[in-house]
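Note sheet for the following structure.
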There are 2 protein chains.
Amino acid sequence: MPHPPPARRPDLDVDPAIVGRRVRALREERGISLSALARLAGVGKATLSGLEHGTRNPTLETLWAVTAQLGVPLTAVLAEPSDEPTVHGTAVSATLLEVFTDTDATYELYRMRVAPGPGQLSPAHQAGVTEHVTVFAGVLRAGPADAPLTASAGGHLRWVSDVPHTYAAVGDEEVAASLLLRYPRG
Amino acid sequence: MPHPPPARRPDLDVDPAIVGRRVRALREERGISLSALARLAGVGKATLSGLEHGTRNPTLETLWAVTAQLGVPLTAVLAEPSDEPTVHGTAVSATLLEVFTDTDATYELYRMRVAPGPGQLSPAHQAGVTEHVTVFAGVLRAGPADAPLTASAGGHLRWVSDVPHTYAAVGDEEVAASLLLRYPRG
DNA sequence: CCCAGCCGTTCCGTTTACGGAACGGAAGCG
DNA sequence: CGCTTCCGTTCCGTAAACGGAACGGCTGGG
């Protein structure tokens, strides 16, 4: 699976249209109406409507009021949610959060999402590589292709990944998880 | 240790005065004048002057133009200068990498370091909170204070943290690990 | 059916962030 | 000293982001 170059610019995107789409997505995720969010955030409905449509150029004050009410940091609507450090597969997308180099091994920590559907097969890694998964949401079936394991939210999986292995979401819900890859030195 | 209520936020600072101070600091670091930066960024000197003084409420467009010319991401002037989301204890320091909100629970993913020495005791969390630790390097002894568990590099620990719990590095090596806190909804 | 209540959008007057120009002050130079 | 040049601030007309109000559309209840 993933092997991206560790260093990458966390560049921000400030196209008002894109910021607007993110705000709208976050709002709809929470199932609250534009009118309600505007009221809670103390901004006009016109302001929020224009912001979500990207037809305004919001001030920091406005953007802050809205994102604070959504319970997310400003960066949630400003930052590229995914760019280079994200690896996309047919069902799996993984974002590199951190690389840790030790004397014995190198660790890569990913944030992983698995879309519902047929799942994905990954080829074998080098000998000794292990994978550790902690599931946040959904039910994940993953591990060696001939003997996958299953974990639901809060569960943890671990396997030696020097054989072909699979990732699949069980049921209709997208799986969110953290994935730790351990590459032994050598 | 991390103790935050589920609604914890790696809060950004949007006080215009503070943003202004950071912009000015970054500009002076580079040894360029206000007039020059305004010209390069394509904004008025009045705009930049007001921005640095915190007497204006800049639009995203303005702030973007200025920070882009300074060669820093927007977060450099919005976010607390980095170690804000880091929680320090006597032996443990943990940096919040990500928050994941699910319908059933809130997850917080930390990068954790445990210094060699006597270790650290953390008070109980709310009922139902669980902790999941994957060790990168060193040997960690952690878990309920009356029955701690041990894991070395590559190992994984999990416990219910509604009782007082400890973290300690075994041996002289600093422990590096990822820590996942799960706060059930409610 | 009609009406009440909410939705999201659009209209509009007010407020304010914008850039250009003018300002006083601090060097650098003949 | 005068003159030039750059500095950062202030003044000011314009453009636009703001909130309130009105609008049409949809849904549910009497």
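Residue numbers begin at 1 in each chain, while the letters A, B, ... track the order of the sequences.
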Check: OH/Y167(B) to CG/L157(B) distance, rounded to the nearest 0.5 angstrom?
Finding: 10.5 Å
Margin query: So, using salt bridge (charged side-chain N to carboxylate O under 4.0 Å, His left out) as the criterion, who are the partners of R141(B) when residues are at least two apart?
Written below: none
Margin query: Heavy-atom count check: over 12 atoms from other residues, nucleotides or ligands less than 6.0 Å from E174(A) CD?
Written below: yes
Next item on the list: Send over the distance from E61(B) CD to dC18(C) P, rounded to a whole Å.
Entry: 9 Å
Next item on the list: Find which nucleotide of DNA chain D each of G44(A) and T47(B) is nearest to by heavy atoms, and output the residue with the more 5' nucleotide.
Entry: T47(B)
Item checked: Sidechain-backbone polar pair: S161(A) side chain, V129(A) backbone, donor-acceptor under 3.5 Å -> yes
Check: Under a 4.5 Å cut-off applied to non-hydrogen side-chain atoms, are R24(A) and R27(A) in contact?
Finding: yes
Item checked: Atom pair distance, as rounded to whole Å: CG in L40(B) and C1' in dC6(D) -> 15 Å
Note to self: What does the B/S/- profile of nucleotides 24-29 of chain C look like, 5' to 3', with a 4.0 Å heavy-atom cutoff to protein?
What the structure shows: ------
Margin query: Rounding to an integer number of Å, can you tell me how far L48(B) CG sits from dG19(C) P?
Written below: 10 Å
Check: Among V170(B), T150(B), V175(B), which residue meets the side chain to side chain contact (heavy atoms under 4.5 Å, CB included) test with L140(B)?
Finding: V175(B)
Notebook entry, point to check: Does OP1 or OP2 of dC18(D) have a side-chain N or O of T62(A) closer than 4.0 Å?
Noted result: yes
Margin query: What is the separation between atom CG on L51(A) and atom P on dA16(D), rounded to the nearest whole Å?
Written below: 17 Å
Notebook entry, point to check: Hey, are the side chains of P16(A) and L60(B) touching, using non-hydrogen atoms and a 4.5 Å cut-off?
Noted result: no
Between the protein and nucleotides 7-11 of chain C, which nitrogen or oxygen pairs come in under 3.5 angstrom?
residue, atom, partner, partner atom, Å
dC7(C), OP1, S33(A), OG, 2.6
dG8(C), OP1, R27(A), NH1, 3.3
dG8(C), OP1, L34(A), N, 3.3
dG8(C), OP2, L34(A), N, 2.6
dG8(C), OP2, S35(A), N, 3.1
dG8(C), N7, K45(A), NZ, 3.4
dG8(C), O6, K45(A), NZ, 3.3
dT9(C), OP1, H53(A), NE2, 2.5
dT9(C), OP2, R24(A), NH2, 3.3
dT9(C), OP2, S49(A), OG, 3.0

Margin query: Run the side chain to side chain contact (heavy atoms under 4.5 Å, CB included) test on L179(B) and E131(B) for me, step by step, so that the C-alpha distance in whole Å, both residues' side-chain angles and the decisive distance to 0.1 Å come before the verdict.
Written below: CA-CA 7 Å; L179(B) 167 64; E131(B) 304 200 13; 3.5 Å; yes
Check: Does OP1 or OP2 of dC18(C) have a side-chain N or O of T59(B) closer than 4.0 Å?
Finding: yes
